[in-house]
Structures are given as structure tokens and as C-alpha cells.
> 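One structure, as C-alpha cells, below. Some questions next.
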Amino acid sequence: MPRDHASARPSQDPSAERRVAPALLAWYDRHRRELPWRARAGETPNPYRVWLSEVMLQQTTVVTVGPYYARFLERWPTVEALAAAQLDEVLHAWQGLGYYARARNLHRCAKAVAAEHGGRFPSSEEGLLTLPGIGGYTAAAVAAIAFGAKATPVDGNIERVVARLFAVETPLPAAKPELKRLAGQLTPETRAGDFAQAMMDLGATVCRPKAPLCLTCPLTRLCAARAQGIAQTLPRRSPKRARPQKHGVVFWIRRPDGAVLMQRRAEEGLLGGLMEFPSTGWREAAWNAKEAIKSAPVEAEWHALPGVVQHGFTHFDIDLTLLVGDVPARTKLDGVWVKPTDFGGQALPTLMTKVARHALGVLAGEGAAPVKARKTAKKKMASS
DNA sequence: GAACCGTGGGG
DNA sequence: TCCCCAAGGTT
């Protein structure tokens, strides 16, 4: 469907575009949020802190990032300190935050800045783009916020604000180039960093995905979607593919001293570099015990643990059942033996934290297993 | 372009 | 309960 040119303009007024940035910056000066990584008005931003926060904030909420940011900054106050850390330390500190490639790239980036840039981040978008884990959004964000460059980061918030302001009805992700172009047109010559943060604040607190607060929005008179009464329906999105359900069987292997076998996952891919309990592959077809045991790392007398651990990833759901096996002391296997009291010292993804909690709860003989898991377990056991 | 890559909270 | 989605990047 063709888009007429009138839609590429906020409201019918041709001068509206030029009024967006002044109106938004005036609003920002009054409603500016205090965030841990945000320099106060008049203070010089610290590029390391801006970069660290921007990477943590990728696809992650402000509330979630808060404590992680504080811990990272205390432990590694400078990019050189972070560069000197071990990758496993960084992964462990990142535990629970998700998208673990960010942690690996964060570490690589710190090393690159320390070793190849004298400990100073490049100040241009182009320079920043060459670093690991820094893509179009983060390069523009750091350039604008930390270095005052005229750059236009476009995140989910800004996509939404711009889609509404210009009533762009093209669905995402196809609309991304157009939204980026339109956002660039709005960016002022000065205060580009404040403008970007103002757009993001507006998207987070006023121009929200659902139930936008158009009555209190500083741009409401300039908003084409508001004029057409379609603000809440934008941006449109192309339908997403359904998430398949996968299944796996975990081998909970115990030594007489109570230690359990853990292994490190491959560096690349899902949960890369993190620790896990050994398991079968994760596939869409269900496993039966006899088949699963073929992929056990050791021979043992296996006992099925009641219950199931369920978890959702971005692109598939998974349920894990557990087989418990006891092996003699001195059993030699790939991996590390870890006592449950030391699980906290390992970089475990949330899925494996759930596995550990479930196993320890059931094996302790009390009702630590989630009620939901028990119900599902009964159903599954009855059908198998 | 499309798939892959986590997690937690809110409606 | 289920779906949405959050300051995206890499392949």
C-alpha cells in the first residue's frame, strides 16, 4: 500500500518538524530523570560509564540494569580495570542479565579500548562502530551522550515515538530505515545527546507502548497519529513466528561427597561460556529415559526425579526432566565437581539455577519444587 | 532480511 | 495464563 507524503510529516503543519526538538528539550529540562549512569546537568559524561550502561540496557529494562551497573562500576571502575578482568569473572557478574554475548563482547571491547586506543573510547560514531558489541544504536548513543556529537541513536522507544509522530503505518522491522531517517531529521544541531535521552524518556514514561499519556505529552499537538486517533496502534509489527517447545534430560551426577558434575558450555551460541549440568541435546521430540541414557556422560543407575523444569528463551521454550545418578569418588569425567554450597561461585544461567533449585528441593525430600512443576510432572508421567 | 540470542515484569 | 516488549548486535 502506497504511503502518501503527508504521512512523512508530524501533523499538517509544515513547520511542525522544526518545533519538535525545542518542545521536547524544554520538557526534558523539567522532567529529566535521575539515573545512575546519567551525568547531572552541567557535568561531563564519563564515556566508560555511558558505554557500560548502554550495553547493559540493550533489550533490558532500567530497573533490571540498576544493580548490575552498580556492581560492575564498583568492581571495575575504569575500562582498564575491566580489560584486566578474566572473562569468567565478567560472565559471573553478568549472570542473570541475559544475552550473554553482550558480556563476552563487553570484555573484548574493553580490551580493545585499553590496548588499541590508549584507554579512551573513540569519540566518533564510525570509530565506535568498529568495536565489539557496539552496533548502530550504541555507537550513536555514546557519540551523542558522551561526546556531544550530532548523532541519532534509534532504539525501541524512539521508533515508537517517531512512528506515532509521523503516523508511519509500515510495520516493523521493515519501517526501521524510514524511522531512522525521520528521527535524524528531528535531531537538533546542539544537545543531540539530551535530545536522544529525552526521546527515550518520553517513550518510556509518556509515549508508552500501551495506553500512551497523550494528554500530558509535550508533542501532542505535533503528533500525526494523535490527530488521526491511532497513536496506540503504532508502531505496527509484522507477525512473529511461534516458539517451538523443546525437551531435554539433565543428568544430575553426584559423588559421595555431595559434589555434582558441571560442565562449561561452548563459547559461542546459546548461553555461551556459561556453566551447566550435563544433559541430552535439546530437541522438539520428547525423550524417553532409555533413549536419553545413551547420551549420559557416565554409566550409573539412574533415577528419574519427579517434576519438570520449564523455561522460555527468546525463540523457543524448553522443559527439562532430571535423571539422578550416583558415581564413585574419583570418577573421572570432563567438567568440574561442585558442591551445592558452592553453586553460587559458578556462572549459571537462569535455566540452570532453576534446575539446581528443583533438584536440591526434591532431593531434600521437602516441597521446594514449584506447584506448577509438580502438576505438569504428574501429567507427563501418566502419559509416558 | 531473517534467525539467533535471555530475562523479568506488566497488562 | 499468555503475550508483549525493553536504551540491540551478530551472523
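None of these values were measured; they are calculated from a predicted model. These values consider heavy atoms only, across backbone and side chains, with no hydrogens, waters or symmetry-generated copies.
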> Let's see if you get this right: which residues in residues 32-59 of chain A place a heavy atom under 4.0 Å from DNA chain B?
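Of all residues in residues 32-59 of chain A, the ones placing a heavy atom under 4.0 Å from DNA chain B are Gln59(A).
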> Could you work out which one of dC5(B), dT7(B), dA6(C) sits closest to the side chain of Pro349(A)?
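Comparing dC5(B), dT7(B), dA6(C) against the side chain of Pro349(A), the answer is dT7(B).
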> In terms of side-chain geometry, is the basic nitrogen of Glu284(A) or Lys246(A) positioned less than 4.0 Å from the acidic oxygen of its partner?
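No, no charged N to carboxylate O under 4.0 Å.
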> With a 4.0 Å cutoff (strictly under), does any side-chain N or O of His311(A) reach OP1 or OP2 of dT7(B)?
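Checking dT7(B) against His311(A), a side-chain N or O does come within under 4.0 Å of OP1 or OP2.
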> Between His311(A) and Phe313(A), does the ring centre distance come in under 6.0 Å?
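Yes.
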> Given dG8(C), dC4(C), dC4(B), which nucleotide is nearest the side-chain atoms of His315(A)?
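Output: dC4(B).
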> May I ask you to say whether Arg255(A) pairs ionically with Asp326(A), meaning some side-chain N is under 4.0 Å from a carboxylate O?
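A salt bridge is absent here (no side-chain N lies under 4.0 Å from a carboxylate O).
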> Output the single nucleotide from dA6(C), dG8(C), dG6(B) whose closest atom is nearest the side chain of Asp155(A).
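Nearest to the side chain of Asp155(A) among the choices is dG8(C).
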> Once you round it to whole Å, what is the distance between C1' of dA6(C) and CZ of Arg102(A)?
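Distance, rounded to whole Å: 10 Å.
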> Starting at CZ of Arg104(A) and ending at C1' of dC5(B), how long is that distance when rounded to a whole Å?
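After rounding, the gap between these two atoms is 9 Å.
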> Taking atom C1' of dA7(C) as reference, at what distance in whole Å does atom CZ of Arg208(A) sit?
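Roughly 18 Å, once rounded to whole Å.
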> With rounding to the closest Å, how many angstrom separate the C1' atoms on dC5(B) and dA6(C)?
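These two C1' atoms come out 15 Å apart once rounded.
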> Would you mind classifying the nucleic acid contact of Gly272(A) as base, sugar-phosphate or nothing, using non-hydrogen atoms under 4.0 angstrom?
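No contact.
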> Work out which heavy atom in Asn157(A) is nearest to a heavy atom in Gly203(A); give both atom names and the distance.
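Closest approach of Asn157(A) to Gly203(A): OD1-C, 3.4 Å.
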> Just the rounded figure in Å: distance from C1' of dG8(C) to OH of Tyr100(A).
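The distance from OH of Tyr100(A) to C1' of dG8(C) comes to 17 Å, rounded to the nearest Å.
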> Is a donor-acceptor pair below 3.5 Å formed from side chain Thr60(A) to base dG6(B), judging by atom type as modelled?
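Checked by distance alone, the answer is yes.
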> Provide the distance between the two P atoms, one in dG8(B) and one in dT10(C), to the nearest whole Å.
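After rounding to an integer number of Å, I get 24 Å for this pair.
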> Rounding to an integer number of angstrom, what distance separates dA7(C) and dG11(B) when you compare their P atoms?
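dA7(C) and dG11(B) have their P atoms separated by 15 Å.
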> By nearest atom, which of the nucleotides dA6(C), dG9(C), dG6(B) is closest to the Tyr99(A) side chain?
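Within the option list, the nearest is dG6(B).
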> What is the separation between atom NZ on Lys210(A) and atom P on dC2(C), rounded to the nearest whole Å?
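Value for this atom pair: 15 Å.
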> Just how far, in rounded Å, is P of dA7(C) from CG of Leu106(A)?
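Computing the Leu106(A):CG to dA7(C):P distance gives 20 Å.
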> Rounded to whole Å, please give me the gap between CZ in Arg243(A) and C1' in dT7(B).
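From Arg243(A) CZ to dT7(B) C1': 11 Å.
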> Ignoring the backbone of Phe313(A), work out which of dA7(C), dT7(B), dG10(B) is nearest its side chain.
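Looking only at heavy atoms from C-beta outward on Phe313(A), the closest nucleotide is dT7(B).
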> Using a strict 4.0 Å threshold on nitrogen-to-oxygen distance, state whether Asp201(A) and Arg38(A) make a salt bridge.
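Yes, charged N to carboxylate O under 4.0 Å.
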> Ignoring hydrogens and geometry beyond distance, is a side-chain donor-acceptor pair present between Tyr137(A) and Glu54(A) at under 3.5 Å?
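The answer is yes; a qualifying pair exists.
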> Toward the 5' end of DNA chain C, which comes first, Pro132(A) or Met200(A), by nearest nucleotide?
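Comparing both residues, the 5'-ward one is Met200(A).
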> Starting at the 5' end of DNA chain C, which residue's closest nucleotide do you reach first, Thr314(A) or Lys240(A)?
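The residue whose closest nucleotide sits nearer the 5' end is Lys240(A).
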> Closest nucleotide of DNA chain B for Pro173(A) versus for Leu348(A): which of these residues is on the 5' side?
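Mapping each residue to its closest nucleotide by heavy atoms, the 5'-most match is Pro173(A).
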> Nearest nucleotide by nearest heavy atom, which residue falls closer to the 5' end of DNA chain B, Thr61(A) or Phe316(A)?
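By nearest-heavy-atom nucleotide position, the 5'-most residue is Phe316(A).
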> What contact category does Gly136(A) fall into here, base, sugar-phosphate, or nothing, at under 4.0 angstrom with non-hydrogen atoms?
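Sugar-phosphate, backbone atoms only, no base.
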> Of all the nucleotides listed (dA3(B), dC5(C), dG6(B)), which has the minimum atom distance to the side chain of Arg241(A)?
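For Arg241(A), the side-chain atoms sit closest to dA3(B).
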> Can you check whether Thr350(A) has a side-chain N or O nearer than 4.0 Å to OP1 or OP2 of dT7(B)?
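Looking at the OP1 and OP2 atoms of dT7(B), one of them is under 4.0 Å from a side-chain N or O of Thr350(A).
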> Would you indicate what Ile158(A) reaches in the nucleic acid, counting non-hydrogen atoms under 4.0 angstrom: base, sugar-phosphate, or nothing?
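Nothing: the residue Ile158(A), judged by heavy atoms under 4.0 Å, touches no strand.
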> To the nearest angstrom, how far is Asp317(A) atom CG from dG8(B) atom P?
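About 14 Å, once rounded to whole Å.
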> Measure from the side-chain N and O atoms of Lys354(A) to the backbone N and O of Gln310(A), and report whether any donor-acceptor pair falls under 3.5 Å.
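Yes.
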> Check this for me: does any side-chain nitrogen of one of Asp334(A) and Arg264(A) sit under 4.0 Å from a carboxylate oxygen of the other?
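No, this pair does not count.
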> Closer than 4.0 angstrom, basic N to acidic O: yes or no for Glu291(A) and Arg283(A)?
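Salt bridge flag = yes for Arg283(A) with Glu291(A).
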